[in-house]
Amino acid sequence: MASFTKVAVKFSAIAFIFKLAGISFVNAEAPELIDYPEVAKNVPYAKVAELASRPADYKVNYGLDPLQHVSIWTRDKNLGKTPLVVLIHGGCWLNAFDKTHTNAMSTALSRAGFTVMSIEYRRTGDEGGGWPGTYHDIMSGLRLIPKLDKYFVDNSSFVIMGHSAGGHLALLAGSRWQKQKQFNSELKAVIGLAAITDVKRYSEGTNSCQSATTKFMGGDYSSQKANYDSANPINQPMFVNTILMQGDKDSIVPLEYASFLGKVEKKVFSGVGHFDWVHPGSVAFQEVLTVLREIKNQD
């Protein structure tokens, strides 16, 4: 009993020190095993939203706003040297959609042997959200990577991976990283899952997510030309190892968006819809794991 008390006191002291540094222990217990059964292609959002997930291991703030934080899932098994996966969730840039719907994906990635840093950020409808505040939040979140060794996380290399509107932000972050490296961690790849690759063209569409673009940008192209040009991946030099993964049954980000960027690797999958990528029971998620393992083996 005495030894347990000493351990508990020591853990509490460490937790207090981490809290002063903006770090929170979220999950101090052993990882819960959650089963993700196989699911048919073209997964509806409702099936993603109902998925269980295990709590993140750490929460780290990168700003003063409560939304400016990252959640970290440490890997459940050691596969040797694997890149940290920085995950940027989608949701049409709207504050109606936070990273919760991708927590199952983070859980499954950690089970597969990858540590995940999922970035929460201010979105349209949040004070400071929209362009360019949302983008600045992503870049601020990335600047936490050098500090992750405090959690015994291998931060020597990383992958930026984003879904939908998060894919748009991932592409921009990778482009910026290529132009000005800020620390020694090596960016191995940028992965866009059903990524919005052309915000100007996307703003001209009529589906619910396309219609949200002008709110994110603060107006239409004619009134915000400079902002659209700076926010548009097609106007930026892409990171040298950029991979677009797209399904041909995607009604939110149509297949054509995988063709708008020039010299990047494109992988198109038959029968895959928009939300397949973030459902761990999908064929598309298995393809994501395949790509991450290929990147790992490039070392």
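Note that these values count all heavy atoms, side chains included, but never hydrogens, waters or copies made by symmetry. Residue numbers count from 1 along this sequence.
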Are [X] and [Y] packed together at the side-chain level, in the sense that at least one heavy-atom pair is separated by less than 4.5 angstrom?
{"X": "Tyr257", "Y": "Asp198", "value": "yes"}
{"X": "Phe216", "Y": "His168", "value": "yes"}
{"X": "Ser282", "Y": "Lys41", "value": "no"}

State the [atom1]-[atom2] distance between [X] and [Y], to the nearest 0.5 angstrom.
{"X": "Leu87", "Y": "Ile191", "atom1": "CG", "atom2": "CD1", "answer": "10.0 Å"}
{"X": "Glu287", "Y": "Phe269", "atom1": "CD", "atom2": "CZ", "answer": "4.0 Å"}
{"X": "Lys266", "Y": "Gln246", "atom1": "NZ", "atom2": "CD", "answer": "11.5 Å"}

- Item | Whether over 12 other heavy atoms sit under 6.0 Å from Lys147 NZ | no

- Message: Cation-pi check for Phe97 against Arg123: NZ or CZ below 6.0 Å from the six-membered ring centre and within 45 degrees of the axis, yes or no?
- Response: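 Relative to the ring axis of Phe97, which defines the angle, Arg123 lies outside at least one limit.
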
Can we say [X] and [Y] salt-bridge, meaning some charged N sits less than 4.0 Å from an Asp/Glu carboxylate O?
{"X": "Lys296", "Y": "Glu294", "value": "no"}
{"X": "Asp76", "Y": "Arg111", "value": "no"}
{"X": "Lys200", "Y": "Asp220", "value": "no"}

- Message: Less than 3.5 Å apart, any donor N or O on the side chain of Thr134 or Arg122 sitting next to an acceptor on the other?
- Response: no

- Task: Establish, from distance only, whether the side-chain atoms of His274 and Asp250 form a donor-acceptor pair under 3.5 Å.
- Result: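 There is such a pair (donor and acceptor under 3.5 Å, judged by atom type) between the side chains of His274 and Asp250.
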
- List the steps, then state whether side chain to side chain donor-acceptor pair (under 3.5 Å) holds for His163 with Thr102. CA-CA 9 Å; His163 174 243; Thr102 59; over 6 Å; no

- Task: Kindly determine whether Asn155 and Ser185 satisfy side chain to side chain donor-acceptor pair (under 3.5 Å), including the steps that lead there.
- Result: CA-CA 6 Å; Asn155 56 3; Ser185 297; 4.7 Å; no

- Message: Going by the rule ring-ring contact (aromatic ring centres under 6.0 Å, His included), which residues pair with Tyr221 if we only count those two or more places apart in sequence or in a different chain?
- Response: Tyr228

- Message: Tell me if a side-chain donor or acceptor on Tyr121 pairs with a main-chain N or O of His89 at a distance below 3.5 Å.
- Response: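 Checking the backbone N and O of His89 against the side chain of Tyr121, a donor-acceptor pair under 3.5 Å is found.
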
- Message: Quick check against the 3.5 Å criterion: does Asn207 have a side-chain atom that pairs as donor or acceptor with the backbone of Gln210?
- Response: yes

- Message: Is there a path of hydrophobic side-chain contacts, each under 4.5 Å between heavy atoms of I/L/V/M/F/W/Y residues, joining Leu67 to Trp131?
- Response: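 No, because Trp131 and Leu67 fall into different hydrophobic clusters, even though each may have its own neighbours under 4.5 Å.
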
- With Asn103, which residues qualify under side-chain hydrogen bond (donor to acceptor under 3.5 Å, both in side chains), at least two apart?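 Residues passing side-chain hydrogen bond (donor to acceptor under 3.5 Å, both in side chains) with Asn103: none at all.
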
